[in-house]
Structures are given as structure tokens and as C-alpha cells.
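See below for the structure under consideration.
We use all heavy atoms of the structure for the numbers below, so side chains are in, but hydrogens, waters and symmetry mates are not. Throughout, protein chains are lettered first and strands after them, A, B, ... in sequence-line order, and every chain is numbered starting at 1.
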There are 2 protein chains.
Amino acid sequence: MQLDKLTEERQTEAKRSYDDACGTAHALDLIGERWSLLVLRELMLGPRRFSELKGDLPGISSNVLAQRLVELEQRGLARKLRLPPPASVQVYEATEWGLEAEPIVQALGRWAARSPRHDPTLPISGVSILLSFRTMLDPERARGIDATIGFRFGESGYVARLRDGTITVARGVPDDCDAVVTAAPTDLAAVVYGGAPLDSIGVEGDRTLAKRFTTLFPLPPKVA
Amino acid sequence: MQLDKLTEERQTEAKRSYDDACGTAHALDLIGERWSLLVLRELMLGPRRFSELKGDLPGISSNVLAQRLVELEQRGLARKLRLPPPASVQVYEATEWGLEAEPIVQALGRWAARSPRHDPTLPISGVSILLSFRTMLDPERARGIDATIGFRFGESGYVARLRDGTITVARGVPDDCDAVVTAAPTDLAAVVYGGAPLDSIGVEGDRTLAKRFTTLFPLPPKVA
DNA sequence: CCGTATCCAATAAGATACTG
DNA sequence: CAGTATCTTATTGGATACGG
């Protein structure tokens with residue numbers, strides 16, 4: 001028992017490191033463990049609760065998620081905070097530096113899009129698909145569009161704003177948007193990235209805009 | 001024995017996956033295992049032998065390196081090839097797609113440069129430091145320089161060419177460069193990123209150029 | 001409901017010895 | 001040199017039980 005405890009402590013202190021001055025290696029020391037970067041990804045569009053994170057990371061177990069959150073906090077990438085009453089729930093929020101990891105998430109996503117084994121029918125989280133819009137937008141195709149598109153994923157709302165060939169994405173109430181999509185994120189992904197028909201998801205408002213929106217995110221050619 | 005074999009096969013088929021359509025998650029399925037990306041990094045500037053890789057990845061064990069190389073090969077990111085006689089040695093080479101992972105390596109490195117815990121005195125490989133030049137070059141500071149700088153790291157030679165505020169880096173014979181640095185990569189890193197004096201490394205040719213070269217790679221402000 | 005803590009079985013990683 | 005084989009240790013995932 002005593003010995004177990006000691007071993008445990010030594011592990012947490014002297015954790016497995018690459019001992020390499022290369023920045024890439026150090027980054028992997030910080031966020032290279034299994035699940036770490038995906039947890040951080042889920043925080044990219046605002047604070048989340050433990051159960052939301054668990055729900056959007058299929059296959060993660062409570063103990064691993066809890067451990068990853070502690071590590072992210074210790075390393076300065078996230079913080080735990082309790083929302084003011086009457087909400088009084090606790091949420092996890094990315095720090096500034098944590099948010100700066102988004103280019104990593106994007107580089108990985110853009111690179112993986114060429115993978116012959118990528119299966120777009122797997123489940124995807126709301127945050128993931130919204131972030132993928134940021135990553136994959138083709139500014140040429142988006143040029144001249146000035147509009148807002150809302151997304152309703154169950155409880156969560158997001159708003160994307162197109163303007164000057166750029167896109168901004170944030171959590172928010174989708175009600176006043178030019179078009180509003182109501183769907184499971186996975187079904188939306190099937191439309192945008194899998195060529196499924198627009199009818200397979202719920203669209204209110206400017207349907208033409210929604211249709212055009214789904215064409216703004218071209219995938220690169222596959223490798224094999 | 002039979003049972004062991006069966007278990008093994010099942011493992012390689014149904015490997016641990018995130019089962020997430022997010023490209024980031026799929027990328028991590030491909031190169032998210034421990035050491036994978038660092039092995040790929042070492043292939044970024046040309047083919048390498050098994051023992052070179054082992055030597056430049058301090059702490060990796062033969063079996064893990066061998067396994068990672070097999071995986072990289074299976075996934076289409078690297079290939080094993082035997083150099084034509086009389087060399088007849090076998091080397092590992094990144095595929096086109098493997099090379100396209102460099103933005104990932106760069107995003108990680110750039111992000112980690114802000115880490116308060118980054119220790120630049122740790123050992124670093126020749127490939128790593130040359131790649132870091134690609135990542136960290138400040139085009140403003142490099143503007144107007146048209147020159148080649150050679151690097152001799154033991155057996156391996158590299159050439160960096162500055163021009164129009166950009167840098168290109170490749171393996172090559174450093175002999176005809178405007179300046180040639182002979183040093184251990186770690187000592188070079190101490191000069192460029194740690195403020196160590198230029199005298200601590202060997203420099204031939206245009207010393208003023210070499211001095212200026214070392215100032216072209218500013219680090220971002222630390223986080224904490 | 002929101003997590004935490006603990007236990008167990010399955011995998012992955014590390015150390016080391018050894019072979020063609 | 002280029003890996004295998006073997007053994008030990010660490011991490012992960014899944015189940016379950018517990019506390020606020």
C-alpha cells in the first residue's frame with residue numbers, strides 16, 4: 001500500500017518525458033498524451049462541463065477525463081471554474097495559451113483530411129464540426145457572402161458569420177441568423193463532407209444560403 | 001503460443017481508435033502514438049537509417065522504434081528502402097504525405113515555444129534544429145540577406161539558404177557555403193535560442209553572417 | 001446529477017539480451 | 001547494424017461504487 005502510493009507519486013512528479021529540446025517534443029510532453037488534445041479541442045469554443053466533455057468524447061472514461069483535466073490545469077492550458085450562482089455549476093475553460101493550440105488542431109485536421117482511411121460517418125461533436133469550418137473554409141468560394149448561419153445541436157447553439165471570405169464561429173443563440181440548421185453534428189457532417197442531401201437535416205430561413213454554405217468546405221484529394 | 005498469435009493479430013487489426021470523424025482525432029489515430037511524430041520528424045530532411053533514428057531519439061527503445069516504423073509504413077507515411085549497391089544499407093524515407101505533416105510539427109513547435117517549462121538545454125537532433133529554423137524564421141529580420149550557411153553535425157551535413165526573407169533547408173555538403181558551423185546541435189541551439197556566445201561553436205567563413213544568422217529566430221514571449 | 005475513487009483486465013511502453 | 005524476443009512496468013479503458 002505504502003509502496004503503491006510512493007510509486008504513484010514518483011510517476012506524477014517525474015512523468016514520462018521525451019527529454020528533447022525540440023519544441024515539437026516539448027509540445028508532446030504537454031499535450032501528447034492520449035485524449036489530451038481532444039479534450040482541449042472541446043474547450044476551444046468556450047467552457048464545458050465534465051459531463052458534456054464525456055459525452056462528446058466517445059470512449060473516454062471518467063477517470064481518464066478527470067486526469068486529463070487535472071493535467072491541463074497543472075500545465076496552464078485550462079482552468080476549472082464555478083459559474084456564479086444561481087448556476088453554480090463548475091466548468092472547464094481553456095486559458096489563452098490553451099486556445100492558442102488551435103493551429104495544432106487545424107494542422108492535424110487538414111493533414112488527416114487526405115487520409116484514405118478517414119471515415120466521415122463516425123460520430124462527431126458540435127465543437128469539432130464548427131472548428132472544421134474554420135479549418136476548411138475556402139475563402140474563394142466564400143467571397144461575397146455576408147451572412148450568419150446558426151446551428152442547434154440539442155441544447156447547444158452556435159453561430160457562424162461569413163464575411164469578406166472569412167468565417168468566425170462562436171457559441172451563441174442561433175435564433176436571429178439568416179439560416180438555422182437543426183441537426184445532429186454527425187448528420188451535418190454527412191451533408192457538408194459526405195455529400196448527403198440537404199433535406200436530411202433541418203433548415204429554417206434562407207435555404208439557398210444554407211445550401212451554398214455546405215459547399216464552402218472542399219476536401220483535399222485523398223492520398224491513395 | 002497459438003493463442004498469443006491470435007491475440008496479436010486481433011490487436012493489429014482492431015487497434016485502439018478514437019472512433020471520431022473529426023480530422024484531428026483521425027490524425028491522432030495515425031500519428032498520435034508515443035514517438036510516432038518524432039520519428040516522422042527525423043525523416044523530414046531525408047532518409048535515415050535505423051541506428052541514426054535510434055541515436056537521435058534519446059530514450060526510444062529498439063522494439064518501439066521498430067514498431068513505429070512498421071506502423072508508419074503501413075499507414076503510408078514512410079517506406080523502407082535499400083540503397084543500391086555498393087551502399088546496400090536500408091533506410092527509411094518519408095512519403096509525400098508524410099512530408100506534408102511538417103505543418104503539424106511546426107504548429108506544435110511554435111506553440112510550445114511559449115511554454116514556461118521549455119528547457120532549451122536538453123539534447124536536440126540535427127534535423128530538429130534545422131526544422132526549427134524553418135519554423136521560427138522572422139522574415140523581417142532575414143530581409144535582404146542572400147547567403148548560404150552550412151552545418152556540420154558529426155557525419156551529417158546540412159545547408160540553409162537565405163533569400164528574399166525566406167529560408168530553405170536541406171541535407172547537403174556544407175563546404176561551399178558563405179559560412180560553415182561545426183558544432184553539436186545542442187550547442188548550436190544554445191547559441192541561437194539560449195543566448196550563448198558564438199565562440200562556443202566552430203565557425204568558418206563569414207563570421208559576421210553567422211552572427212547575424214543566429215539572431216533571425218526570435219522566440220515568442222513566455223506564458224507564465 | 002456531478003463528478004471522484006478504486007479495482008481489474010487489456011494494451012502499450014521500456015529494459016535488456018540476443019541473433020542473422 | 002538492424003532488428004527480435006522476452007520480461008517487466010506503466011497506462012488505459014471499463015465497471016462499479018462512493019460522496020456532495
Margin query: With a sphere of 6.0 Å drawn around CG of B:Asp176, does it hold more than 12 non-hydrogen atoms of other residues, nucleotides or ligands?
Written below: no
When rounded to whole Å, the CZ to P distance for the pair B:Phe50 and D:dC1 reads 12 Å
Tell me whether the side-chain N or O atoms of B:Asn63 pair up with the base of D:dG3 as donor and acceptor below 3.5 Å, since no angle test is needed here. no
B:Arg49 has its side chain closest, among D:dC1, D:dA10, D:dG13, to D:dC1
Practice problem: Specify whether B:Tyr18 and A:Trp35 have parallel, tilted or perpendicular ring planes, treating 30° as the upper limit for parallel and 60° as the lower limit for perpendicular. | Solution: perpendicular
Winner on side-chain proximity to A:Ala66, out of D:dA2, C:dG3, C:dT4, is C:dT4
B:Leu69 atom CG is separated from D:dG3 atom P, nearest whole Å, by 8 Å
Judged by nearest nucleotide, the residue sitting upstream toward the 5' end of DNA chain D, A:Arg68 or B:Lys80, is B:Lys80
Closest to the side chain of A:Ser62, out of C:dA13, D:dC1, C:dT4, is C:dT4
Looking only at C:dG14, C:dT4, D:dG3, the nucleotide nearest the B:Ser61 side chain is C:dG14
Taken to the nearest whole Å, CG/B:Leu65 to P/C:dT16 is 17 Å
Pair A:Tyr158 and A:Phe133, ring centroids less than 6.0 Å apart: no
- Query: With sugar-phosphate meaning primed atoms plus P, OP1 and OP2, does A:Ser51 contact a base, only sugar-phosphate, or nothing at under 4.0 Å between heavy atoms?
  - Reply: sugar-phosphate
Quick note, A:Arg16 side chain, CB onward, closest among D:dT11, D:dG14, D:dT12 is D:dT11
